Amino acid sequence: MSTDEKNIESVDFLRAIVAEDLKNNKHGGRVETRFPPEPNGYLHIGHAKAICIDFKIAEENNGVCHLRMDDTNPTKENMEYVESIKEDVKWLGFDWGEHFYYASDYFEQMYSYAVELIKRGKAYVCDLSPEEWAEHRGTLTEAGKEPSGRERSIEENLELFQQMRDGKFEDGAKVLRAKIDMASPNIHMRDPAIYRIRRFHHYRLGDDWCVYPMYDFAHCLEDSIENITHSFCTLEFEIHRPLYDWVLDALELESHPQQIEFARLNLSYTVMSKRKLLELVQEKLVNGWDDPRMPTISGMRRRGYTAKAIRDFCDTIGITKFNSLTDVALLEHCVRGDLNKVASRYLAVMNPLKVVIENFDENEVDMLDAVNNPEMPEAGNRKVPFSRELYIDRNDFMEDPPKKFFRLGPDREVRLRYGYFITCKEVIKDENGEVVELRCTYDPETRGGNAPDGRKVKGTIHWVSAKHAVKAEVRLYDRLFLYENPGANGIDFKTQLNPDSLSTADVYMEPELTKVEVGTCVQFERQGYFCLDKDSTDGKMVFNRTITLRDSWAKKNK
RNA sequence: AACCCCGUGGUGUAAUGGUAGCACAAGUGGUUUUGGUCCACUUAGUCUAGGUUCGAGUCCUGGCGGGGUUGCCA
């Protein structure tokens with residue numbers, strides 16, 4: 001087929017803007033973006049969307065994307081967060097090359113810009129307390145009023161600002177304000193604070209500074225200093241854009257990046273506020289930022305989600321300016337989609353029911369061939385031991401099976417995956433009437449799972465040899481991270497944690513599974529995907545359930 | 001209430017002013033040594049009222065609906 005089968009990539013509004021700028025040679029054919037997190041927490045699935053946008057659009061246009069720590073507020077930031085952010089972005093598959101920056105490295109330059117603003121008569125030192133300022137600022141419907149001191153001389157402002165830096169004033173005693181328009185309908189343009197006094201140990205710069213720039217002043221300058229062309233951010237900054245442009249215009253800076261906003265990700269049932277996630281960590285309602293129930297990148301990684309799945313998800317949700325609520329099922333579809341292709345299959349039984357093959361010799365062990373991954377033949381084969389005593393899953397046996405049940409029952413024949421056809425001859429119960437053992441026979445002719453006479457069985461079940469089985473622990477996390485629906489106002493998200501999400505179970509695995517490495521996600525056939533957790537020790541393997549398999553039988557019988 | 005942004009199947013998204021398409025979810029059937037995967041099919045949509053036009057999801061006006069903004073956070 002000669003026609004290019006590549007899907008015609010639909011162009012979202014954001015890519016369209018970049019393409020238009022490129023066409024008009026707006027930035028000399030250059031595309032330079034940045035991902036600028038504040039290192040005040042771990043990255044989550046919402047950040048993944050921003051990361052994909054920032055890095056991919058740069059990449060698509062042969063540009064570069066910077067990774068920048070927006071660390072202008074020392075009270076919430078630390079190096080642990082910096083390191084985690086770098087690790088997570090890298091893990092997602094993106095490379096910032098040489099372009100790793102700290103906003104705090106620009107503090108001296110930003111201070112100079114602030115001085116320059118004062119010299120141009122476009123900034124002044126304000127003595128109002130936060131309470132007094134609230135009165136002057138006005139409201140959404142009423143204009144603000146100009147504070148006294150707004151008309152201070154440039155010399156006096158310069159002097160006062162220097163004194164602010166020199167630590168002559170208490171925290172909060174003064175701020176530096178941009179002199180814009182107290183009557184603007186956009187409150188952010190009503191003489192916004194651009195520098196505040198805050199004596200707090202900065203995680204990198206220590207006590208070098210007691211004044212710190214505010215976001216609205218700092219961010220556009222960071223972008224400008226780094227020669228960014230397109231500065232993507234979320235919708236809540238839309239109303240800040242006039243200020244972004246005002247600062248750069250007021251300073252007449254040559255590098256004037258364009259801020260473009262897109263809608264942030266909302267995921268059903270998922271808490272995505274850093275503040276709330278921090279609360280969960282601090283109050284030990286979860287075991288750290290990388291708890292597999294957390295919607296953090298590190299939590300999802302530990303749970304077994306793949307970077308590709310997350311990237312695919314970000315491609316699928318697209319980029320718009322519409323406040324949407326994405327169904328978490330879409331994320332799960334991407335996770336299953338990738339895992340189905342890459343995860344090796346293993347036999348493992350979670351609710352063991354003993355099966356004795358009466359016509360199989362007690363001392364014999366048959367090593368059977370099993371395919372590691374039917375989706376990926378190159379993954380090869382392995383051997384699975386078969387012996388007289390086996391475990392099957394309790395769910396795969398019913399004493400009185402309904403019509404559509406294809407698995408084992410009295411006098412029924414099923415296939416043991418990669419093994420033999422077996423027929424249930426006898427059901428043994430304890431004094432309470434509970435089934436404790438099945439006596440079966442196997443058909444030696446069906447070794448490997450095929451009957452030479454061509455007879456068919458409807459069911460294929462998983463199993464493990466009792467004497468070869470290795471016991472491990474699985475954590476049965478629920479399908480979702482946290483239970484809170486945006487829109488369900490007033491719900492205390494902490495009480496919404498699913499208590500079942502912590503339940504654990506024993507699992508009896510085929511011995512080959514002991515070779516799996518920590519962090520690897522595998523499929524327990526017919527049950528789900530599981531990821532070997534870092535908590536595993538020499539004595540005990542611990543798996544996190546990544547996600548279940550789709551199960552049409554279970555769905556019908558719900 | 002003021003200003004800004006946004007309204008396409010249940011959900012997420014496409015469509016130089018020219019056949020409303022894709023994915024998820026749901027449902028039906030087929031293939032299958034995982035009740036998985038894969039494949040086929042079905043259900044279902046342009047918020048509303050006018051206007052411009054040969055022709056409007058797209059452009060204009062009004063209405064309705066949703067979101068954002070009132071930190072010395074980012």
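Basis for what follows: all heavy atoms, side chains included, without hydrogens, waters or symmetry-related copies. Nothing here was measured: the structure is a model prediction, and the numbers come from that model. Each chain gets a letter, A, B and so on, in the order the sequences are listed, and its residues count up from 1.
Just one of Phe262(A), Phe232(A), Tyr215(A), Tyr244(A) meets the ring pair (Phe, Tyr, Trp, His ring centres under 6.0 Å) condition when paired with Phe237(A); it is Tyr215(A).
OP1 or OP2 of U11(B) has not a single side-chain nitrogen or oxygen of Ser268(A) nearer than 4.0 Å. Listed pair Ser324(A) / U13(B) meets the phosphate criterion, a side-chain N or O lying under 4.0 Å from OP1 or OP2. The side chain of Ser184(A) contributes no N or O atom lying less than 4.0 Å from OP1 or OP2 of C3(B). Contact annotation: Arg417(A) side-chain N/O to G36(B) OP1/OP2 distance is not under 4.0 Å. At C73(B), one or more side-chain N or O atoms of Arg196(A) fall inside 4.0 Å of OP1 or OP2 (strictly under the cut-off). In this structure, Arg526(A) reaches the G35(B) phosphate: one of its side-chain N or O atoms is under 4.0 Å from OP1 or OP2.
Within 4.0 Å of Leu140(A), counting heavy atoms only, lies at least one base atom of the nucleic acid. Among the heavy atoms of the strands, none lies under 4.0 Å from Tyr195(A). Nucleic acid contact for Asp551(A): sugar-phosphate only, since backbone atoms but no base atoms lie under 4.0 Å from a heavy atom of the residue. When heavy atoms are screened at a 4.0 angstrom cut-off, Tyr212(A) is found touching no nucleic acid atom at all. Base engagement by Lys76(A) is indicated by at least one non-hydrogen atom pair under 4.0 Å involving a base atom. Across all strands, Gly318(A) comes closer than 4.0 Å to no nucleic acid atom at all (heavy-atom distances). Counting any heavy atom pair closer than 4.0 Å across all strands shown, Phe405(A) reaches a base atom. Residue-level contact check: Thr75(A) touches neither bases nor backbone, having no heavy atom under 4.0 Å from any strand. Residue Pro213(A) is classed as a sugar-phosphate contact, given heavy-atom separations below 4.0 Å to backbone atoms only. In this structure, Thr460(A) reaches the sugar-phosphate backbone alone: every heavy-atom distance under 4.0 Å involves primed, P, OP1 or OP2 atoms, never a base. Arg137(A) comes within 4.0 angstrom of sugar-phosphate atoms only, judged by non-hydrogen atoms across all strands, and of no base. Contact annotation for Pro374(A): base contact, defined as any heavy-atom pair under 4.0 Å involving a base atom. In this structure, Glu375(A) reaches the bases: a heavy-atom distance under 4.0 Å links it to at least one base atom across the strands shown. If you check every strand for non-hydrogen atoms under 4.0 Å, Ile187(A) touches sugar and phosphate atoms only.
Expressed to the nearest 0.5 Å, how far CD1 of Ile187(A) lies from CZ of Arg137(A) amounts to 6.0 Å.
A salt bridge links Lys308(A) with Asp312(A): the closest approach of a Lys/Arg side-chain nitrogen to an acidic carboxylate oxygen falls below 4.0 angstrom. Salt bridge present: Asp171(A) and Arg199(A) bring a charged side-chain N and a carboxylate O closer than 4.0 Å. We find that Lys56(A) and Asp315(A) are joined by a salt bridge, their nearest charged nitrogen and carboxylate oxygen being less than 4.0 Å apart. Electrostatic pairing of Glu77(A) and Arg204(A) does not count as a salt bridge here, judged by no charged N lying under 4.0 Å from a carboxylate O. Between Asp369(A) and Lys383(A) there is a salt bridge, since a side-chain N of the basic residue sits under 4.0 Å from a carboxylate O of the acidic one. A salt bridge does not link Lys341(A) with Asp338(A): every distance from a Lys NZ or Arg NE/NH1/NH2 to an Asp or Glu carboxylate oxygen is 4.0 Å or more.
Here the C1' atom of nucleotide C6(B) and the CG atom of Leu235(A) are 8 Å apart, to the nearest Å. If you measure from atom NE2 of His240(A) to atom C1' of U69(B), you get 7 Å, rounded to the nearest angstrom.
Taking 90° from 0 as the syn/anti boundary, the base of G71(B) is oriented syn.
The side chain of Thr320(A) sits closest to U13(B) out of C6(B), A74(B), U13(B). If you check U69(B), U34(B), C72(B) against the side chain of His188(A), the one that comes closest is U69(B). Listed nucleotides: A74(B), G66(B), A1(B). Nearest to the side chain of Asn323(A): G66(B). The side chain of Ile239(A) lies closest to C3(B) when the candidates are C3(B), C73(B), U13(B).
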Which letters describe nucleotides 16-26 of chain B, given B = protein heavy atom under 4.0 Å from base, S = only from sugar-phosphate, - = neither? --------SSS
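Side-chain atoms of Glu525(A) stay outside donor-acceptor range of the base of G35(B), with no qualifying N/O pair under 3.5 Å. Under 3.5 Å, the side chain of Gln527(A) and the base of U34(B) form no donor-acceptor pair of N or O atoms.
Once the 5.5 Å centre distance and the 30° plane angle are applied, the aromatic ring of Phe322(A) is found not to be stacked with the base of G7(B).
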How would RNA chain B look in dot-bracket form, 5' to 3', counting Watson-Crick and G-U wobble pairs with both distances under 3.5 Å and writing | for bases paired to another strand? .((((((..((((....[..)))).(((((.......)))))....(((((..]....))))))))))).....
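For the 3.5 Å distance criterion, the side chains of Arg407(A) and Asn395(A) fail to qualify, holding no donor opposite an acceptor.
G35(B) and G30(B) are spaced 15 Å apart, taking the C1' atom of each and rounding to whole Å. With both ends at atom C1', the span from A25(B) to A15(B) equals 23 Å, rounded to whole Å.
Taking the nucleotide of RNA chain B with the nearest heavy atom to each of Ala134(A) and Lys49(A), the more 5' of the two is matched to Lys49(A). If you find the closest nucleotide of RNA chain B to Asp71(A) and to Gly459(A), the one lying nearer the 5' end belongs to Gly459(A).
A cation-pi arrangement is present between Arg165(A) and Trp209(A) under the rule of less than 6.0 angstrom and at most 45 degrees off the ring axis.
Using the six-membered ring where Trp is involved, His66(A) and Tyr101(A) have ring planes that are tilted, between 30° and 60° apart.
Under the salt bridge (charged side-chain N to carboxylate O under 4.0 Å, His left out) criterion, Lys122(A) pairs with no residue, sequence neighbours left out.
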